[in-house]
Amino acid sequence: MTATAPILEVDDVSKNFEASRGLLGMPLLSRKREVVRAVSEVSLSLGQSEVLALVGESGCGKSTLGRVIAGLIRPTSGELRFAGISHTVLSAAERRDWARNVQMIFQNPYASLNARQTIREIIEEPLRVHRIVPKSDIAARADELLDQVGLDPSFGKRQPHQLSGGQCQRVGIARALTVVPRVLVCDEPVSALDVSIQAQVLNLFADLREELTIAYLFISHDLGVVERLSDRVAVMYLGRIVETATRDDLFSSPKHPYTQTLLDAVPKIGRSRAHSVKVSGERPSPLDPPSGCHFHPRCPHATDRCRVEIPHLKAVGSNQFAACHLYE
Ligand code: SF4
């Protein structure tokens, strides 16, 4: 499904959480434990230096999947492979190495930085802990990283609260780059920034990809950003991937009814402005997802089969896959 050999593979990965829901009118003691299936049997691959966008409404599980891929939470089932090596066969030390190769950029640049540290301390800490460069080279490497993300090394003396949102996000990117990762999982990295700053940070992501041969899993609800930066797109709905395609195929000829609904919400003229995902009807609760195809209560094409049978991803074009009974 990728043009180059995959650097990262996600195979049949699921992530469940336990949640408690008080029963109507019942005391807390009788509360019921329920399972939220945040991510269900997801398979994806990411080519070297590829940008794969992961899109969908908020709460669809895309951030959870990003955290599983970045090694921040363990999957309930399924397998992750980096450069062909399964996560499950690695020793604890090898897993730490694996995790170094897959770094995460967070949505809120302020919250992701330690407010008590200076920018220089934030950048130098991983260089020191992971022994990326000799001690004598740490300061020079920190300056180099700040320069690489478009910040003057003099910013090193400041603290996060003395920086703008865009500058903080640049520091977050520099910190992720300290360990020379091969993959960046970027979770809504520009959604908290002003539109003018968003463009600058997106340019930075594009430049770094060229310079460092780095791959991105780019999580976003913003189709304008996705259209601008991605090579391929995966569309997620209630924990499942419902369509994957090259960016051009997805935007010119979306196949899954959910993807079509997402794109219908984006005006064709003036697409340069960012647009948020909007679909009609209420999104079902992940605590009690609809049977069969999760999208059937909102789908204009739903049939009886859709209500009982889960559709799986099938080829609907040379580089396009959709999970929908319409294509069988
Ligand atoms: Fe709609 Fe059925 Fe396709 Fe689901 S499987 S998207 S309900 S047509």
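Whatever order the structure lists them in is the order used to number ligands and atoms, beginning at 1. Just so we're clear, the structure is a prediction, and the values are computed from it rather than from any experiment. The basis for the numbers below is simple: all heavy atoms, side chains too, and nothing from hydrogens, waters or symmetry mates.
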| With a 4.0 Å cut-off, would you call Arg247 and Glu227 a salt bridge? | no
| query | Which residues and atoms, protein N, O or S only, are under 2.8 Å from atom 3 (Fe) of ligand 1? | reply | Cys324 SG
| field | All ring-ring contact (aromatic ring centres under 6.0 Å, His included) counterparts of Phe205, not counting sequence neighbours | value | Tyr216, Phe218
| field | Under 3.5 Å: donor-acceptor pair, side chain of Glu121, backbone of Thr118 | value | yes
| So is Lys157 actually on top of Phe155's ring, under 6.0 Å and inside 45° of the axis? | no
| request: Would you confirm whether Ser252, through its side chain, and Asp248, through its main-chain N or O, come within 3.5 Å as a donor-acceptor pair? | output: yes
| When you check the side-chain N and O atoms of Gln169 and Tyr110, is any donor under 3.5 Å from an acceptor? | no
